[in-house]
**Student:** 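Starting off with a structure, shown below.
Excluded from the calculations below are hydrogen atoms, water molecules and symmetry mates; all remaining heavy atoms, backbone and side chain alike, are included. Being a predicted model, the structure only gives us computed values, none of them experimental.
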Amino acid sequence: DEIIGNWFDGFPASQFGTSFSYRDAGGTLRKAMSGQAFEFIFLHQIRHRGQISQILDTLGWPHNWGDNAAYLEGLEG
């Protein structure tokens, strides 16, 4: 979480429209827009938080992994 938070903090919103190239796991060269990549990363981590939340609920363990508002408030504090 800290690494992703630092990445977001260090990337100016004025650059969200820029594109970049990378190679996927299969070695294929891809191109993406920075803003779309940020959105994908955020939405993807929400999915995993939901999965963890569901597992912990099933086990009866207390948690707040599914509470993204509390998570984001914690980043500010």
Side-chain angles (χ1 to χ4, degrees):
D1 288 341
E2 182 179 347
I3 291 170
I4 291 174
N6 289 339
W7 188 41
F8 277 105
D9 288 343
F11 198 88
S14 62
Q15 296 295 312
F16 284 179
T18 62
S19 63
F20 63 94
S21 298
Y22 67 97
R23 292 199 181 273
D24 65 17
T28 304
L29 185 62
R30 305 274 187 187
K31 194 172 189 181
M33 299 295 291
S34 299
Q36 291 171 333
F38 279 123
E39 181 180 22
F40 173 81
I41 290 169
F42 181 75
L43 293 175
H44 192 74
Q45 64 92 18
I46 289 173
R47 175 176 177 250
H48 287 290
R49 287 180 188 279
Q51 290 172 323
I52 297 284
S53 179
Q54 185 176 20
I55 291 167
L56 295 175
D57 284 347
T58 301
L59 294 171
W61 294 0
H63 65 88
N64 71 346
W65 282 99
D67 187 349
N68 282 309
Y71 168 74
L72 293 172
E73 288 172 359
L75 290 178
E76 295 174 4

**Student:** Quick one, Ser34 and Gln15 - any side-chain contact, counting heavy atoms below 4.5 Å?
**Tutor:**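 Result no, sub-4.5 Å side-chain heavy-atom pair not found.
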**Student:** What's the separation between atom CD in Gln36 and atom CD1 in Ile41, rounded to the nearest 0.5 Å?
**Tutor:** 12.0 Å
**Student:** CG/Asp57 to CD/Gln54 distance, rounded to the nearest 0.5 angstrom?
**Tutor:**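 These two atoms lie 7.5 Å from each other.
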**Student:** Hey, quick one: are Trp61 and Ile52 part of the same hydrophobic cluster, counting side-chain heavy atoms closer than 4.5 Å, chains of contacts allowed?
**Tutor:**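 Same cluster: Trp61 reaches Ile52 through Ile, Leu, Val, Met, Phe, Trp or Tyr contacts under 4.5 Å.
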**Student:** Can you tell me how far apart CG (Asp9) and CD (Glu2) are? Round to the nearest 0.5 Å.
**Tutor:**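 Interatomic distance, Asp9 CG to Glu2 CD, rounded to 0.5 Å: 10.5 Å.
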**Student:** Using 30° and 60° as the class boundaries, would you call the ring planes of Phe38 and Phe16 parallel, tilted or perpendicular?
**Tutor:** tilted
**Student:** Could you check whether any side-chain heavy atom of Thr58 comes within less than 4.5 Å of a side-chain heavy atom of Ile55, counting everything from C-beta outward?
**Tutor:** no
**Student:** Parallel, tilted or perpendicular: which fits the ring planes of His48 and His44, with parallel below 30° and perpendicular above 60°?
**Tutor:** perpendicular
**Student:** In the hydrophobic cluster built from side-chain contacts under 4.5 Å, what are the other members alongside Met33?
**Tutor:**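 None; Met33 is a cluster of one.
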**Student:** Would the number of heavy atoms belonging to other residues, nucleotides or ligands and lying under 6.0 Å from CD of Gln51 be above 12?
**Tutor:**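 Result for CD/Gln51: enclosed.
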